[in-house]
Amino acid sequence: MNAEGRTKLNQTPEWTALAKHKEQLGEVRLRELFDADPARGTGYTLRVGDLHIDYSKHLVTDETLALLRDLAVATDVFGLRDAMFRGERINTTEDRAVLHTALRAAPDAVVEVDGDDAGNVVPGVHAVLDKMSAFADKIRSGEWTGHTGKRIKNVVNVGIGGSDLGPAMAYEALRSFTDRDLTVRFVSNVDGADLHEAIRDLDAAETLFVIASKTFTTIETITNATSARNWLLTQLQADESAVAKHFVALSTNTEKVADFGIDTANMFEFWDWVGGRYSYDSAIGLALMIAIGPDRFREMLDGFRLVDEHFRTAPAEENAPLLLGLLGVWYGNFHDAQSHAVLPYSHYLSKFTAYLQQLDMESNGKSVDRDGERVQWQTGPVVWGTPGTNGQHAYYQLIHQGTKLIPADFIGFAKPVDDLRPGLVAQHDLLMANFFAQTQALAFGKTPDEVRAEGVPDELVPHKTFQGNHPTTTILATELTPSVLGQLIALYEHKVFVQGAVWNIDSFDQWGVELGKVLAKRVEPALTEGADVPGLDASTTALVAKYRELRGR
Ligand code: F6P
């Protein structure tokens, strides 16, 4: 029980009922579940917008799902959901509303931030979208020219975390919708190699830098932006006046943008009620919008909105983010699963899982609950994965035959993208054959009898046996369009929300990243000047000395 008299999660009757149910189910076999219910393959599915979601290959029965929904009721997941959509300050440790859903609200929607006199935020959202659209059109049409009058052909987004991963992921995902005459690159790492490789072959006169930072204080971004500005001015042999034509800012911090020397007329605003990892459909998506055009960007927002509406209104039994969130709770809390694999069978989604890592792990990587007390249950999983089929020839061995339970999401598309060269289209069926084969093998495995029946010698039978029973969700859509991408991202955003609500943690702060930032600032003078850093531990002191020696200082 906490100070307000709320029962702790693991002391609720719903939690206990799930623990007991897990015991009773014992080693439930997917083979048996499918034998017992021939309709399971169609019955355990959901449709959300363009997404067909199959959850039949999970270690659950109707009773499991009902008990999980009971837990969602007990933890008031839908109450917190409604508070989020209403603009309440549910990010309590930062005293902020959580309103990324307002970024894709219809123009006539009304969303107000609790305790804020500014009123409806939606007109402001659409004003920024319009400003972004006008700017993107100017770049795409060539109307906007650089300092020397040349057309902009290169766009370099400089940002990190949520100011990089979202637009970089979506740019890759929607490459076939991009203007192929534009070169779009993303620079995030404070390692100068990142910026160097991004700009080394570019003509500065044709290059636009989009400096993306919610706070405009992030050291990596400000350092890279400063180096980019120096490079540009040197290349153009121009004075500061050139900056206005080659630098725009995406931020909530007007003052810092002005301090940096970017004309605030070239700043695209967003708000403190948008978390960094929930921000790529805000102004942070400008580089993406330039690449795909404003219409496609708005189609993507429509996709987000469709799933927002689904999450807000669908009953628990049909609510996809709720279901996916609860399945994660089932494995993390009742099966001791430590990680969750996301395996897209689309090369265009090569950065999808990296994006989800921040979304999920920065949101739910917490060990203190909303009451400030240490949680006594597992919270967010390690999220990992890369596109199929590559992973099949690398780490799938461990998923199939290792000792760990790794629930996985398989995401695939019925059609290849439109502009794939005709000769390559046929490869799509082979890709998808692998997609279906993997979830089948993971679920049903291969018994020793089946192996023996193939004439395998006895001593090899254990090695060639597949236990199966590895749970997967299959998400299938017709094709990867901007709208479908928006739907997928909103699905995962709300899934993460559901889990944070069940675990009673604040999914919207990220205090855990602060200590490293502070220590890096303290250590830097020791590297550069050999300065004494008071309180530095013995291991780090020795490592710093070794670094200086190897660096020749
Ligand atoms: O350090 C973590 C973090 O604050 C993320 O949450 C955020 O997405 C990233 O840094 C970048 O922050 P900003 O957009 O303010 O530069």
Side-chain angles (χ1 to χ4, degrees), residues 90-100 103 128 132 156-171 186-191 194-195 209-229 247-260 262 267-288 351-366 380 383 489 492-493 496-497 500 505-524:
I90 63 165
N91 175 1
T92 47
T93 70
E94 295 181 323
D95 189 27
R96 286 178 181 164
V98 175
L99 274 179
H100 43 276
L103 297 171
V128 174
M132 289 166 66
V156 180
N157 188 87
V158 178
I160 197 165
S163 298
D164 164 71
L165 289 164
M169 174 278 294
Y171 172 71
F186 294 84
V187 171
S188 53
N189 201 329
V190 78
D191 182 344
D194 198 3
L195 181 64
F209 288 97
V210 176
I211 311 301
S213 176
K214 179 177 170 182
T215 54
F216 232 75
T217 57
T218 304
I219 192 79
E220 289 91 338
T221 301
I222 300 306
T223 306
N224 276 323
T226 307
S227 300
R229 183 175 56 190
F247 280 77
V248 296
L250 322 174
S251 189
T252 58
N253 194 337
T254 315
E255 212 180 306
K256 292 280 179 199
V257 169
D259 286 353
F260 182 83
I262 295 179
M267 168 178 161
F268 299 83
E269 183 197 10
F270 62 113
W271 305 272
D272 75 354
W273 39 262
V274 182
R277 53 193 174 273
Y278 298 87
S279 69
Y280 97 76
D281 49 346
S282 71
I284 290 294
L286 183 67
L288 172 68
K351 294 188 172 167
F352 189 76
T353 310
Y355 168 79
L356 288 187
Q357 284 180 325
Q358 187 197 14
L359 178 68
D360 200 322
M361 294 165 77
E362 199 169 66
S363 295
N364 285 341
K366 312 286 163 65
V383 176
I489 299 298
Y492 278 97
E493 283 179 350
V496 167
F497 176 93
I505 53 179
D506 186 337
S507 299
F508 303 101
D509 62 16
Q510 58 284 319
W511 300 106
V513 299
E514 294 307 320
L515 180 60
K517 289 185 193 173
V518 173
L519 294 181
K521 264 199 191 138
R522 275 180 55 201
V523 170
E524 198 193 353

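Atoms within each ligand, like the ligands themselves, are counted from 1 in listed order.
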Check your understanding: Taking all atoms of both residues into account, what is the closest heavy-atom pair of Gln357 and Val383, and its distance?
Key -> NE2-O, 2.8 Å

Practice item. Look at atom 16 (O) of ligand 1 and find which of Thr217, Thr218, Asp164, Ile160 reaches it with the closest heavy atom. Key: Thr218

Review point. Is there side-chain contact between Thr215 and Lys256, with heavy atoms separated by less than 4.5 Å?
Key: no

Study note, to complete from the structure: Among non-hydrogen protein atoms, atom 15 (O) of ligand 1 lies closest to Thr215 OG1, 2.6 Å

Check your understanding: With a 4.0 Å cut-off, strictly under, does atom 8 (O) of ligand 1 pick up any protein heavy atom?
Key -> yes

**Study point:** Those atoms of ligand 1 less than 4.0 Å from some heavy atom in Val513
**Key:** 1 (O), 2 (C)

Exercise for review: Determine whether the aromatic ring centres of Tyr492 and Tyr355 lie less than 6.0 Å apart.
Suggested key: no

Check your understanding: Considering only protein heavy atoms, which is closest to atom 3 (C) of ligand 1, and at what distance to one decimal place?
Key -> Glu362 OE2, 4.2 Å

Study note, to complete from the structure: among protein heavy atoms, the one nearest atom 1 (O) of ligand 1 is Lys517 NZ, 3.1 Å

Review point. N/O of Phe216 under 3.5 Å from N/O of ligand 1, yes or no?
Key: no

Practice item. Look up atom CZ in Phe352 and atom CE in Met169, then write down how far apart they are to the nearest 0.5 Å. Key: 6.5 Å

Point to revise | Side-chain donor or acceptor of Thr252 paired with backbone N/O of Phe270 under 3.5 Å | key: no

**Study point:** Aromatic ring pairing Phe216/Phe260, orientation class (parallel under 30°, perpendicular over 60°, tilted between)
**Key:** perpendicular

Review point. Considering distance alone, does some N or O of Thr221 sit under 3.5 Å from an N or O of ligand 1?
Key: no

Exercise for review: State, yes or no, whether a side-chain contact exists between Tyr278 and Leu359 at a heavy-atom distance under 4.5 Å.
Suggested key: yes

Check your understanding: Any idea which atoms of ligand 1 are less than 4.0 Å away from a heavy-atom of Gln510?
Key -> 6 (O)

Review point. Can a non-hydrogen atom of Glu514 be found less than 4.0 Å from any atom of ligand 1?
Key: no

